[in-house]
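Beneath this line is the structure, given in structure tokens, with notes to follow.
Naming: A, B, ... by sequence-line order, numbering from 1 per chain.
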Amino acid sequence: MSTLKIHNSYSRQKETFEPITPGYVGMYVCGPTVSGESHLGHARPYITFDVVFRYLQHLGYKVRYVRNITDAGHFEEEGREAEDKISSKAVLEKLEPMELVQKYTNLFHWAMNLFNTIPPSIEPTATGHIVEQIEMIKKIMADGYAYEKNGSIYFDVKKYAAGHDYGKLSGRKIEDLLEATRELEGQEEKRDAADFALWKAAPAKHIMRWNSPWGEGFPGWHIECSAMATKYLGTRFDIHGGGMDLQFPHHESEIAQSTICNGSAPVKYWMHNNMITINGRKMGKSYNNVIKLTELFSGDHPLLTQAYHPMVVRFFILQSHYRSTLDFSNEALQASEKGLKRLWDAYENLQRLRDRSSELQETAADPELDERLRKLMTEFDTFMNDDFNTAKVLANMFELVPVINSLKDKTIALTGISRATFDLLQQQFYTYLETILGLTSVSAADNEKLKNVMQLLIEIRKEARSRKDFVTSDKIRNQLATIGILLKDEKDGNISWSVE
RNA sequence: GGUCCCGUGGCCGAGUGAUCAGGCAGAGCUCUGCAAAAGCUCGUACAGCGGUUUGAAUCCGCUCGGGACCUCCA
């Protein structure tokens with residue numbers, strides 16, 4: 001089997017994945033800032049890295065997956081009016097800051113659950129690690145790479161850059177960064193424009209504040225990830241993930257802080273997912289083009305003609321490669337909805353074929369077909385190993401769909417393929433669809449009583465049809481259709497049904 | 001202004017030197033009491049121009065268009 005290759009943002013190329021400690025993987029992913037509702041754009045990294053998490057486990061690694069909750073509310077970093085997003089919003093909503101944080105954390109977890117993402121092994125909060133952050137800042141100061149000004153602490157980027165390659169991750173030149181092309185307020189405390197805050201003194205009206213050796217204040221945005229990653233994954237860990245927009249300054253700063261504090265670069269493989277765009281433009285608050293997850297699930301948005309099941313969104317995201325931009329539209333989502341249904345129907349047909357497994361032979365009557373199927377399935381692994389190419393895995397699955405449906409319709413005899421290939425089909429579809437890609441059924445029909453009622457109606461309809469009483473049979477089918485239940489007369493005389 | 005990325009058939013989207021991506025939509029056919037589903041067949045796409053090469057959507061150059069980061073951002 002081929003080995004896993006990961007595109008490392010740091011080296012800008014695919015590298016063979018070799019964990020620092022054989023058999024174990026430490027992975028850190030930047031989590032959400034819970035000052036507001038999550039939107040479609042937020043779904044991408046968490047679904048992407050959920051698949052990474054699942055695949056690494058599938059490969060047999062023991063993975064510790066850490067994803068933080070940013071609940072500390074920072075300044076508009078180095079900017080404008082000193083404003084704490086979380087506390088100012090809390091005043092508007094007349095909530096305690098932590099009440100607001102809790103509300104959006106709950107909402108985030110609710111959505112992640114609907115997406116069928118596996119919860120991280122550890123989900124630390126920034127406010128729960130103030131002590132660790134302060135300790136880290138103290139160490140950086142002791143090493144002489146940070147300085148205090150009016151109760152705030154800044155990281156000395158120029159000094160760091162003299163001995164380290166600051167800017168390598170984000171492809172920036174330190175000279176350009178030091179040039180200070182922009183005039184922003186609140187910069188006068190910093191020695192260089194490129195410096196970033198490790199700790200900020202809290203203005204009087206700032207609600208979230210903690211005691212520190214430098215007075216009351218709150219941590220800078222970047223330090224929380226460094227502190228929590230170090231605490232739970234050690235000074236050097238395997239994978240750090242996040243959105244591309246975090247590459248600079250967030251991840252660049254993380255590298256600098258951790259390198260000074262821990263004496264080594266923190267991360268072996270940096271992974272960045274690309275953005276979801278809408279009409280070609282990044283989805284984001286500042287662009288005013290976000291579609292919240294609640295709106296997506298309810299269909300309550302001007303750009304949407306209908307509600308979309310969370311699995312459709314997950315499937316939509318997995319149909320593209322994580323490093324490409326993904327353009328959202330109502331039309332694209334509808335296409336995904338139909339595609340997912342077709343794929344899942346075939347998967348269910350495949351499972352039902354087990355009832356006919358006695359027909360199988362050890363050797364395939366159609367070796368060419370048999371070989372083709374095996375190749376398509378072997379490639380699942382090849383594609384995933386090539387930097388998690390879920391799009392190609394799904395494409396191959398779709399190539400198998402007509403074959404599965406033909407086996408079911410008996411257009412292709414089960415003897416055409418070998419028993420081993422049949423078993424492999426069963427196994428690979430289950431493993432990939434459910435275990436690795438994390439897809440689930442979108443059907444709402446998992447109800448015993450409904451199933452029994454449907455069985456009854458199907459019996460009555462069968463009887464009606466057998467005596468050519470099409471008025472009755474059509475009535476049953478049409479009435480059910482208006483309720484949203486579709487009956488399908490199969491070729492073999494069976495009747496299947498599905499809830500829309 | 002600086003750095004970087006992208007431009008694939010009606011839509012979404014893989015692919016990065018020669019071979020079929022795939023999904024959705026559309027057309028035709030088969031099956032069927034009808035319908036739905038399913039199956040089969042069909043589009044000869046790679047922004048434009050020039051170059052390298054036996055051969056380029058894929059490499060190089062230029063032009064046009066779009067975007068990201070440089071400020072909170074997934």
What residues 308-319 of chain A contributes to the RNA chain B interface at heavy-atom separation below 4.0 Å is A:Q319
Mate of B:A47 across any strand shown (Watson-Crick or G-U wobble, both atom pairs under 3.5 Å) is B:U63
Going by heavy atoms in the side chains, are A:H250 and A:F196 under 4.5 Å from each other? no
Next on the checklist: Counting C-beta onward and ignoring hydrogens, is there a side-chain heavy-atom pair between A:E490 and A:K408 closer than 4.5 Å?
Outcome noted: yes
A:E224 CD to B:C72 C1', in whole Å, measures 13 Å
Notebook entry, point to check: Under 4.0 angstrom, heavy atoms only, what part of the nucleic acid is A:R465 near: base, sugar-phosphate, or nothing?
Noted result: base
Determine the interatomic distance between C1' on B:C42 and the same-named atom on B:G9; round to the nearest Å.
13 Å
Rounded to whole Å, the CG-P distance (A:N273 to B:C5) equals 18 Å
Side chain to side chain donor-acceptor pair (under 3.5 Å) filter on A:S38, not counting sequence neighbours, yields none
Which whole number of Å gives the distance between the C1' atom of B:C34 and that of B:G43? 32 Å
Under 4.0 Å, counting only non-hydrogen atoms across every strand here, what does A:S473 touch: a base, just sugar-phosphate, or nothing? base
- Message: Does any part of the side chain of A:L394, heavy atoms only, come nearer than 4.5 Å to the side chain of A:F315, both counted from C-beta?
- Response: yes
Open item on the list: So A:F328, base contact, sugar-phosphate only, or nothing? Heavy-atom distance under 4.0 Å.
Closed with: nothing
What contact category does A:D474 fall into here, base, sugar-phosphate, or nothing, at under 4.0 angstrom with non-hydrogen atoms? base
note: A:I412, atom CD1; B:U30, atom P; distance rounded to Å ~ 20 Å
- [ ] Measure from the side-chain N and O atoms of A:N289 to the backbone N and O of A:K282, and report whether any donor-acceptor pair falls under 3.5 Å.
- [x] yes
By nearest-nucleotide position on RNA chain B, the 5'-leaning member of A:D386 and A:S336 is A:D386
In whole angstroms, the gap separating P of B:G23 from CG of A:L326 amounts to 18 Å
Between CG of A:N494 and P of B:U32 the distance, given in whole Å, is 16 Å
Test: A:R191 cationic atom under 6.0 Å from A:Y154 six-membered ring centre, within 45° of axis: no
Test item: A:T117 side-chain N/O and A:D50 main-chain N/O as donor-acceptor pair under 3.5 Å
no
Taking only N/O atoms, report every protein-nucleotides 64-67 of chain B pair under 3.5 Å with atom names and distance.
| unit_1 | atom_1 | unit_2 | atom_2 | d |
| --- | --- | --- | --- | --- |
| B:G67 | OP1 | A:R281 | NH2 | 3.1 |

Short N-O contact, A:K375 and A:E379, less than 4.0 angstrom: yes
Confirm from the modelled atom types if A:R44 and B:A74 form a donor-acceptor pair under 3.5 Å, side chain to base only.
no
Considering every strand and a 4.0 Å limit on heavy-atom distances, what is the contact class for A:R461: base, sugar-phosphate, or nothing? base
A:E252 atom CD is separated from B:U71 atom P, nearest whole Å, by 13 Å
So side-chain hydrogen bond (donor to acceptor under 3.5 Å, both in side chains) across residues 397-406 of chain A, not counting sequence neighbours, yields A:N349-A:N405
Under 4.0 Å, heavy atoms only, any strand: does A:L486 hit a base, just the sugar-phosphate, or nothing? nothing
note: A:N274, atom CG; B:A74, atom P; distance rounded to Å ~ 15 Å
| said: With a 3.5 Å cut-off and heavy atoms only, can you find an N or O donor on one side and an acceptor on the other between the side chain of A:D489 and the base of B:C34? | reply: yes
**Asked** Is it the case that more than 12 heavy atoms not belonging to A:Q306 sit under 6.0 Å from its CD atom?
**Response** yes
For A:L487, which contact category applies under a 4.0 Å heavy-atom criterion: base, sugar-phosphate, or nothing?
base
The answer to which of A:H39 and A:E490 contacts RNA chain B further toward the 5' end, by nearest nucleotide, is A:E490
Within residues 164-173 of chain A, the residues having a heavy atom closer than 4.0 Å to RNA chain B are A:G171, A:R172
| said: For a quick check of understanding: with a heavy-atom distance under 4.0 Å over all strands, which category does A:F248 fall into, base, sugar-phosphate or nothing? | reply: sugar-phosphate
Give A:M244 one of three labels, base, sugar-phosphate or nothing, depending on what nucleic acid heavy atoms sit under 4.0 Å from its own.
nothing
Here the residues of residues 395-404 of chain A within 4.0 Å heavy-atom distance, strictly under, of RNA chain B are A:A395, A:F398, A:E399, A:V401, A:P402
Whole-Å distance, A:W344 CH2 to B:A38 P, equals 17 Å
| message | Can a side-chain donor-acceptor contact be found between A:Y322 and A:N389 if the only test is distance below 3.5 angstrom? | response | no
Describe the nucleic acid contact of A:K338 in one word from base, sugar-phosphate, nothing, applying a heavy-atom distance below 4.0 Å. sugar-phosphate
For this session: Looking at every strand, decide which applies to A:S320 at a 4.0 Å heavy-atom threshold: base, sugar-phosphate, or nothing.
Result: sugar-phosphate
